[in-house]
Amino acid sequence: MISAHLPALQVVVPLIAAPLCVILRRGTWTWALALLVSWASLAISVVLLGQVLDDGPLSYAFGGWEPPWGIEYRVDVLNAYVLLIVSVVGAVVLPFARRSVLEEIPESQHSLFYASFLLCLTGLLGVTITGDAFNLFVFLEISSLSSYVLISLGRDRRALHAAFQYLILGTIGATFIVIGIGMLYMATGTLNMADLAARLPFVDESRTVLVSFAFITVGATLKLALFPLHFWLPNAYAYAPSAVTAFLAATATKVGVYILLRFFFTVYSFDFPLKAITLQGMLMPLSVIAVLVASTVAIFERNVKRMLAYSSVAQIGYMILGLSFMSVTGVTAGILHIFNHALMKGGMFLALGCIVLRLGSVELDQLRGVGRRMPLTMFAFVLGGFGLIGIPLTSGFVSKWYLILGAVEGDHWLIAVAMLFSSLLALIYVWRVVEVAYLQAPPEGAKAEEAPLSMLIPTWVLIGANVYFGIETSLSVGVAQTAAELLLDVGLGTSP
Amino acid sequence: MELLGLYNYWIVVVLMMAGFYTVIAFDNLVKKIVGLTIFQTSVFIFYISMAKVSGGTAPILTGEPEVFSNPLPHVLILTAIVVGISTTALGLALIVRIREAYGTIEEDEIQAQDDQQ
């Protein structure tokens with residue numbers, strides 16, 4: 001039965017398709033193959049999420065080697081949800097990529113572009129699905145190495161410098177994680193996450209385990225670009241090709257958040273002495289600062305892509321803030337925001353990709369009157385912006401609602417106020433774009449030219465989903481809540 | 001004497017910090033990659049050190065009951081070495097492209113050119 005092997009196929013299909021892309025050579029064919037594979041991944045992740053919701057966690061023993069000796073793929077509600085997010089974004093960005101890549105990348109590099117794209121997808125899916133700590137590091141490096149390549153393909157030469165900086169910081173982050181995993185192995189003699197969780201409580205409070213926790217925390221926060229470790233992110237997003245920015249912004253940092261969740265609440269699942277201090281004493285203030293500082297920087301940014309990149313740093317702050325409440329509502333808000341932010345930021349970066357195609361630039365001065373020249377694209381951008389602000393009837397409102405509920409529940413009144421204030425900051429930076437795009441006249445002689453349908457439809461799929469999940473919340477909130485309850489039930493040793 | 005007995009871990013820490021410092025302190029991109037490689041290598045030694053079982057030999061089945069070193073970290077590090085080499089190769093390839101685009105591989109000069117744009 002093929003359905004028994006779905007967890008393996010989820011990763012293996014894009015992995016095998018990547019070298020096929022290089023062999024095929026022709027840009028159109030490789031694109032068609034990549035598209036097919038990304039849709040197959042989406043189908044697999046939908047089936048997996050359905051199975052997990054119905055029957056509980058799935059375990060897949062690679063090569064028939066039983067865990068904890070062999071490598072185990074373990075799918076529970078949390079990673080089935082993240083798998084779905086990653087594969088949805090991949091499946092939506094690839095149709096968009098065709099026109100955008102034709103415009104932005106030389107023809108000879110197309111097959112290599114799609115091969116790297118599929119490798120990046122493989123890596124992100126692999127990090128999410130694996131139940132083995134070292135395997136997680138390997139997939140993390142697959143996704144990172146391919147994303148450095150993807151970013152360096154940007155037209156601007158600054159893309160090269162941005163990719164190099166990301167390479168240095170990303171490698172340091174991943175190496176920190178592998179040091180932490182090594183120390184865990186040293187203390188317990190196992191690499192399987194479930195097995196680690198079972199054994200760690202019996203290891204005496206050793207310094208090795210404490211240090212491993214510190215290394216993994218810092219490594220993961222570097223990867224997910226939590227303030228003040230976010231310096232690689234704005235340039236990498238700003239100068240990468242449009243399709244790459246949309247894909248990475250919606251998936252890469254989210255998978256980083258997933259790593260943090262997985263280690264904090266599954267691996268160090270017992271009442272680990274450092275966890276509460278780290279979450280509430282370190283990550284909570286840092287994420288509040290991230291939200292406020294990055295939103296403020298975004299207000300002063302002239303390049304709209306960089307502006308959205310800083311806004312991403314702020315939104316990552318929301319996710320980590322949710323986790324740091326250590327309550328079901330808080331963690332639900334964090335997981336929910338992974339999903340909602342992927343939809344709105346992915347959609348907004350796709351809209352910017354449409355604008356780049358027609359105008360060649362996203363500097364704020366160039367966008368004068370673009371609301372009249374490209375009404376559909378710009379309207380999608382504005383709806384996404386409403387999500388960032390948290391206006392009701394967009395998905396951003398739903399995650400903010402749960403976040404503020406979590407803050408109030410935990411008696412963090414100041415933080416709730418800071419959240420409301422940060423919405424104001426978001427309003428200002430979205431408004432700056434709206435003002436230029438709608439209230440200023442387009443330059444003389446500029447033609448009204450909407451983006452092609454192959455790019456508009458993917459943009460609207462994500463933005464439409466952003467509105468849909470702002471109204472119909474039972475699916476997104478329901479799954480996030482189940483995942484949060486599952487994590488905290490085990491993760492704090494107390495019933496929610 | 002325990003401090004001396006753990007000498008390979010001391011080497012790990014010294015290499016790790018030397019590599020990390022090189023990445024942070026130097027503007028030359030090639031030197032940064034060198035530092036990064038040393039940093040990663042220290043982790044390899046760390047894994048190999050922890051696999052050592054005192055009195056154990058190489059983990060090859062000879063039929064006689066013997067004490068073996070733990071072979072798993074060796075295998076893990078084989079994978080990590082491949083990752084490290086790919087990172088170095090990609091980093092150096094990027095440096096070549098940066099040199100073509102900017103005419104320099106000093107980070108402060110690249111930054112200055114970026115700021116002008």
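First the proteins, then the strands, lettered A, B, ... as listed; each starts at 1. In this text the structure is predicted, and so the values were computed from the model without any measurement.
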Query raised in the report: Mind checking whether B:Leu15 and B:Phe39 have side chains closer than 4.5 Å, heavy atoms only?
Result: no
Report task. Give, as side chain, backbone, both or neither, the part of A:Ile142 having an atom under 4.5 angstrom from any heavy atom of chain B. Result -> neither
Query raised in the report: Does any heavy atom of chain B fall under 4.5 Å from the side chain of A:Ile151, the backbone, both, or neither of them?
Result: neither
Query - A:Leu352 vs A:Ser242 side-chain heavy atoms within contact, under 4.5 Å - result: no
Report summary line: Ranked by heavy-atom pairs below 4.5 Å to chain A, first place among B:Val43, B:Val83, B:Leu36, B:Ile95 goes to B:Leu36
Requested in this report: Would you confirm whether the ring centroid of A:Phe137 sits within less than 6.0 angstrom of the ring centroid of A:Phe134?
Outcome: yes
Query raised in the report: So, A:Phe227 versus A:His230, ring centres under 6.0 angstrom or not?
Result: yes
Query raised in the report: Side chain, backbone, both or neither: which part of A:Val178 has an atom under 4.5 Å from a heavy atom of chain B?
Result: both
Requested in this report: Taking all non-hydrogen atoms of both residues into account, name the closest pair between A:Phe215 and A:Phe176 and its distance.
Outcome: CB-O, 3.5 Å
**Report entry** B:Leu76 and A:Leu191, any side-chain heavy atoms less than 4.5 Å apart
**Finding:** yes
Query raised in the report: Non-hydrogen atoms of chain B under 4.5 Å away: do they reach the side chain of A:Phe164, the backbone, both or neither?
Result: both
Query - Sub-4.5 Å side-chain heavy-atom contact between A:Val22 and A:Tyr114 - result: no
Are there any donor-acceptor pairs closer than 3.5 angstrom between chain A and chain B, and if so, which ones?
{"unit_1": "A:Arg157", "atom_1": "O", "unit_2": "B:Tyr102", "atom_2": "OH", "d": "3.4"}
{"unit_1": "A:Arg157", "atom_1": "NH1", "unit_2": "B:Ala101", "atom_2": "O", "d": "3.0"}
{"unit_1": "A:Arg157", "atom_1": "NH1", "unit_2": "B:Gln113", "atom_2": "OE1", "d": "3.2"}
{"unit_1": "A:Arg157", "atom_1": "NH2", "unit_2": "B:Gln113", "atom_2": "OE1", "d": "3.1"}
{"unit_1": "A:Arg158", "atom_1": "NE", "unit_2": "B:Gln117", "atom_2": "OE1", "d": "2.9"}
{"unit_1": "A:His161", "atom_1": "ND1", "unit_2": "B:Asp114", "atom_2": "OD2", "d": "3.1"}
{"unit_1": "A:His161", "atom_1": "NE2", "unit_2": "B:Glu107", "atom_2": "OE2", "d": "2.9"}
{"unit_1": "A:Val178", "atom_1": "O", "unit_2": "B:Tyr47", "atom_2": "OH", "d": "2.8"}
{"unit_1": "A:Gly182", "atom_1": "N", "unit_2": "B:Tyr47", "atom_2": "OH", "d": "3.0"}
{"unit_1": "A:Tyr185", "atom_1": "OH", "unit_2": "B:Asn70", "atom_2": "ND2", "d": "2.7"}

Report summary line: Given B:Gly91, B:Ala93, B:Gly35, B:Gly19, the one with more heavy-atom pairs under 4.5 angstrom with chain A than any other is B:Gly91
Query - Side chains of A:Ile259 and A:Thr128 in contact at under 4.5 Å (non-hydrogen atoms) - result: no
Query raised in the report: Would you say the side chain of A:Tyr237 lies within less than 4.5 Å of the side chain of A:Val244, judging by non-hydrogen atoms?
Result: no
